[in-house]
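All remarks here apply to the structure that follows.
Keep in mind that this is a model prediction, so the values were computed, not measured.
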Amino acid sequence: MAVQVIAYQLLSLQAPLYLMAIKAGFPSPADDYVEKTLDLHEHLIRHPAATFFVRVSGDSMAPLIAHGDILVVDRALTPHSGSIVIAAVNGELTVKRLVEQNGSSMLVADNDAYQPIALTPQVDCTLWGVVVHIIRTVV
Amino acid sequence: MWYALVDCNNFYASCEKVCNPALAKRPVVVLSNNDGNVIARCALAKALGIAMGAPFHQCKEIIARHNVAVFSSNYALYGDMSRRVMETLATCAPYVEVYSIDEAFLLCDVPLAEATDYALQVKRRVMQWTGIPVSVGMGATKTLAKLANHIAKKRTQSGVFILAGDSYCQSLLETIDIAEVWGIGSRYARMLRQYGICNVWQLIHADDSFIKKTMTLIGLRTVYELRGIPCIQWEDAPPPKKAIVSSRSFGSPVTEHRHLEEAAAHYSAIAASKLRRQQGAAGAVTVFVSTNPFKDEPQYSSSATVVLNMHSAYTPDIIAAAHTALWSIYRQGYRYKKVGIMLTDIVPSQELSPTLFTCMNNYEKRYRLMQALDSVNRQHGRGAVYFASEGAVKPWAMRRRYLSPRYTTHWDEIPVVT
């Protein structure tokens, strides 16, 4: 028991000594320049609660978006004409460009081989989010 | 100042629909651990008459007939979606108190005339940002906000309701049963009805001394709250848990001591990581085992507690204690249905004074090892790194046959878009 108490005192002595050393010294001129490492999350994600990642299958948005790319999707943004969006069409998530023309909207693939989808009340479609970044691994 | 209670509608079922739009027009049910009972139903499934808590095997016919989508509980998904909802709410109000996985109180400062617009805005934002539908109830106290939420869910199309001003009136409150009031359990409700107090309006106008006599001060506090006088404290963070329990039923009965030992180690590891997350250390480890009381076979249940030499959050300490306890209660010849671990005598780990014993035990090293373990498991999913004593195969593990992808927490399982 006695041994334990001594050990405790030794340990607690260390802290004040350390603190005093800091207080007595001059502040380091480098203190103002302390940099944290870059966090990609901070760069890519504006609304963490509303941001989802999805993976692309297929080439409907080629050449901009390729098969296997990861898309960063922000649901907090409101899409406008020209936005690349994720939409739920007939129960499937799809990535397309939203084009608004003369009061009507459609989902257009960048790849000409795909037909545009006109957004009429008959089409089962919900806009799901706005694509804000494309992540592609190149090695 | 106003309280708003935001409650997610059919939360688990709604989570399943967010990343899988094919489910939008299909009835969805979510099953409890081991796929035993229905614990969540979307609106379409409710309309089919599938009851809350109904045993899964009794619903199989209706499920097949109506093409109902069935899911095992996907707590990785629900936990992450809950975080998203709460973070979204934090952008809507200066104070948010998370009340449960799918409910939160907001403290908001808007004039009565704008309250409905505000509530609708909160609802719209949570829907847009997270895809989760919510109901919003507002009132002058938490109890009124909770009651307003009930009205929003049951009686409005919009899903929002403000219980104040003109709506706080006899003609409405008379139609609400006292059992719907937060804090009035079924026992008090039955007792109050015997005295002729059946609806909320009557309860509000009940005599103070009568309420205090029959329902104690806590009941009186509820009545004050119904009258619009705030009595229930604001809690910014839920207090650290005094006990941590980790237990599950087995997928199939377990007879071998070796498998019980593995399960006990597994639940010890889960409980210990929860303990570290709240920066606690436990002083005692309790193990309990039981057979299935619903089966006509020999029954046995028991528990034992091991008090640790010193408080610990080090998984091997917890596992060792759990195994000691298990050895003392294990009886051969029973078909065990459940094993569980409970950690008690929890203290904040920074309050522990270092002793010679802790130094000798490489306290620092052990602490860093647990930190590394937790961070790997956080990044790569629970169970990415585990103790050999937990067993690799886990033949006793629970059944989760209908698990959906962990859409938001695992790179391999994120949604696919075409």
Side-chain angles (χ1 to χ4, degrees), chain A residues 1-12 14-15 46-61 65 67-79 84-96 109 111 114 124-131 135 137, chain B residues 15 17-26 28 67 69 77 80-92 96 104 124-133 309-310 350 352-361 363-364 379 405-418:
Chain A
M1 229 24 216
V3 181
Q4 280 184 3
V5 172
I6 291 168
Y8 177 53
Q9 284 175 339
L10 274 177
L11 278 173
S12 59
Q14 284 171 357
R46 250 175 69 200
H47 305 102
T51 299
F52 292 76
F53 300 118
V54 300
R55 194 180 300 276
V56 177
S57 167
D59 63 352
S60 73
M61 289 298 281
I65 297 174
H67 178 80
D69 286 356
I70 288 175
L71 307 178
V72 180
V73 182
D74 190 340
R75 291 178 55 112
L77 301 180
T78 307
I84 299 172
V85 298
I86 303 294
V89 181
N90 296 323
E92 269 187 49
L93 291 176
T94 181
V95 53
K96 294 288 178 290
N111 184 341
Y114 293 79
D124 171 22
C125 173
T126 325
L127 290 182
W128 196 88
V130 176
V131 176
I135 302 173
T137 305
Chain B
C15 288
K17 293 196 182 206
V18 171
C19 292
N20 187 352
L23 298 173
K25 289 171 184 160
R26 268 180 80 185
V28 169
N67 190 25
L77 176 65
D80 185 65
M81 292 307 296
S82 171
R83 172 190 66 83
R84 289 167 182 273
V85 170
M86 300 308 167
E87 279 181 29
T88 304
L89 293 176
T91 68
C92 302
V96 175
R124 262 198 305 269
R125 174 170 287 187
V126 177
M127 184 65 197
Q128 189 193 334
W129 287 29
T130 69
I132 299 290
N309 289 334
M310 46 180 291
Q350 69 263 26
L352 296 176
S353 48
T355 63
L356 186 62
F357 201 43
T358 58
C359 302
M360 275 165 52
N361 266 332
Y363 182 78
E364 183 65 27
Q379 275 171 37
R406 291 164 292 183
Y407 292 113
T408 58
T409 54
H410 277 67
W411 287 113
D412 296 341
E413 300 179 23
I414 62 178
V416 171
V417 302
T418 53

Looking at B/A22, B/C19, B/P21, which makes the most heavy-atom pairs under 4.5 Å with chain A? B/P21
Distance from B/W129 atom CH2 to A/L77 atom CG, nearest 0.5 Å? 9.0 Å
When A/T94, A/V89, A/L93 are each screened for side chain to side chain contact (heavy atoms under 4.5 Å, CB included) with B/T418, the one that passes is A/T94
Contact origin within A/L71 toward chain B - heavy atom pairs under 4.5 Å: side chain
Run the side-chain hydrogen bond (donor to acceptor under 3.5 Å, both in side chains) test against A/H67 and tell me which residues pass, sequence neighbours left out. none
Residues 51-61 of chain A vs chain B, non-hydrogen distance cutoff under 4.5 Å, contacting residues -> A/T51, A/F52, A/F53, A/V54, A/R55, A/V56, A/S57, A/S60
Name the member of B/E87, B/R26, B/R84, B/R125 that forms the most heavy-atom pairs with chain A at distances under 4.5 Å. B/R84
Using side-chain heavy atoms (C-beta onward) and a distance below 4.5 Å, is A/D124 in contact with B/K25? yes
Nearest 0.5 Å please: distance from the CE atom of B/M127 over to the CZ atom of A/R75. 6.5 Å
Pairs of heavy atoms under 4.5 Å with chain B: top-ranked of A/A88, A/A50, A/A49: A/A49
Turns out that what part of B/T88 lies under 4.5 Å from chain A's heavy atoms comes down to both
Region of B/V18 in contact with chain A, defined by heavy-atom distances below 4.5 Å: both
Within the 4.5 Å heavy-atom criterion, are A/I70 and B/W411 side-chain neighbours or not? yes
Side chain, backbone, both or neither: which part of B/M81 has a heavy atom under 4.5 Å from chain A? side chain
